[in-house]
Amino acid sequence: MGYAKNLLIEQMLGISKSQVTCEHCGKTYLQEVTDQVPGFRDLDYDICPYCHEINGSSRSEEYYNYKID
Ligand SMILES: [Zn+2]
């Protein structure tokens with residue numbers, strides 16, 4: 001799949017991507033955030049993929065963090 005098509009699917013799913021710098025180790029990682037399913041909300045943590053420390057948490061959003069190669 002091409003980049004443009006991926007981007008379209010991500011917009012439909014309500015995924016937002018950003019780069020986040022870890023407060024603990026200072027490394028930058030790629031973060032995808034999606035809305036949690038209403039009625040099945042749970043506390044989700046923003047965990048650094050490098051040092052596994054917690055940089056935040058949310059009851060309305062889910063975090064998917066990736067290392068940047
Ligand atoms: Zn870290």
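Reckoned from all heavy atoms, side chains included, excluding hydrogens, waters and symmetry mates. Just so it is clear, the structure is predicted and the values come from calculations on it, not from any experiment. Both counts, for ligands and for their atoms, begin at 1 and track the order of listing. For this chain, numbers begin at 1 and follow the sequence in order.
You'll find the side chain of Asn65 stays beyond 4.5 Å of the side chain of Cys48, heavy atoms only. The shortest distance between side-chain heavy atoms of Asp44 and Glu61 does not fall below 4.5 Å. Residues Tyr63 and Val20 fail the side-chain proximity criterion, which asks for heavy atoms closer than 4.5 Å.
In summary, the side chains of Asp46 and Gln31 do present a donor paired with an acceptor at a separation below 3.5 Å, with no hydrogens or angles considered.
Below the 2.8 Å limit, the Zn ion (ligand 1) has as protein N, O or S neighbours Cys22 SG, Cys25 SG, Cys48 SG, Cys51 SG.
Residue pairs meeting the salt bridge (Lys or Arg N to Asp or Glu O under 4.0 Å) criterion with at least one partner in residues 12-36, sequence neighbours excluded, are Glu10-Lys17, Lys17-Glu32.
Checked by atom type and distance alone, the side chain of His52 never pairs as donor or acceptor with a backbone atom of Ile47 at under 3.5 Å.
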